Amino acid sequence: MAAPSHVFRVRSLYKRILVLHRFLPIDLRALGDQYVKDEFRRHKRAAPEEVKNFMVEWQLYKDTLQTQVQELARKQHRSVTFGANLSEEKLSDFQNEQLGQLYELMLESRKPNRQFDIQEDSK
């Protein structure tokens, strides 16, 4: 069983990422939320070394997204590009299954009509 402090750190990171996703365009938010939920669920019972790498990478993602959201706030709703390019070095660390998931995610994010048919609330 995982230590309570570890569980707290994982949940805190997970929740913070979902909060940051609220600032994404609605279709990317839906795609990102689903991906984060699936990934955290998949790693619940991962080996300790895998968990360590998992947490480091998701922390980097959170930090990058947080910086981009802050930039969006400073620009007062002008366009900001979300995300970051992956280096060849990082890509070489991925397993084949991860590369496949990444490729599918890239394809989904570039579709003109994404699988998520979500409309913003009209308030």
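Note that this is a predicted model, so its numbers are computed, not measured. The residues of the chain are indexed from 1 along the displayed sequence.
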Kindly check if the number of other-residue, nucleotide or ligand heavy atoms within 6.0 Å of CZ (F8) is above 12? no

Fit a plane to each ring of W58 and Y35, take the angle between them on a 0 to 90° scale, and name the class: parallel (under 30°), tilted (30 to 60°) or perpendicular (over 60°). tilted

Look up atom CZ in F82 and atom NE2 in H21, then write down how far apart they are to the nearest 0.5 Å. 10.0 Å

Can you measure from CD (Q66) to CD (Q59) and round to the nearest 0.5 angstrom? 8.5 Å

Side chains of E57 and D93: does their closest heavy-atom pair fall under 4.5 Å? no

Taking K62 as the fixed residue, which of I17, V19, T67 is the one that meets the side chain to side chain contact (heavy atoms under 4.5 Å, CB included) rule? I17

Return the minimal non-hydrogen interatomic distance between T64 and A84, and the atom names on each side. CG2-CB, 4.4 Å

If you group Ile, Leu, Val, Met, Phe, Trp and Tyr by side-chain heavy-atom gaps below 4.5 Å, do V36 and L105 land in one group? yes

Is any NZ, NE, NH1 or NH2 atom of the basic residue among R42 and E39 found under 4.0 Å from an Asp or Glu carboxylate oxygen of the other? yes

Kindly compute the distance separating CG (L72) from CZ (F23), expressed to the nearest 0.5 Å. 8.0 Å

Quick check for you: to the nearest 0.5 Å, what is the distance between Y14 atom OH and M55 atom CE? 13.0 Å

Taking 4.0 angstrom as the limit, do D38 and R41 come out as a salt bridge? yes

How long is the gap from CG on L65 to CG on L24, to the nearest 0.5 Å? 5.5 Å

Gap between atom CG of L18 and atom NZ of K37 - 0.5 Å precision: 6.0 Å

Among the clusters formed by ILVMFWY side chains lying less than 4.5 Å apart, do F54 and L60 turn up in the same one? no

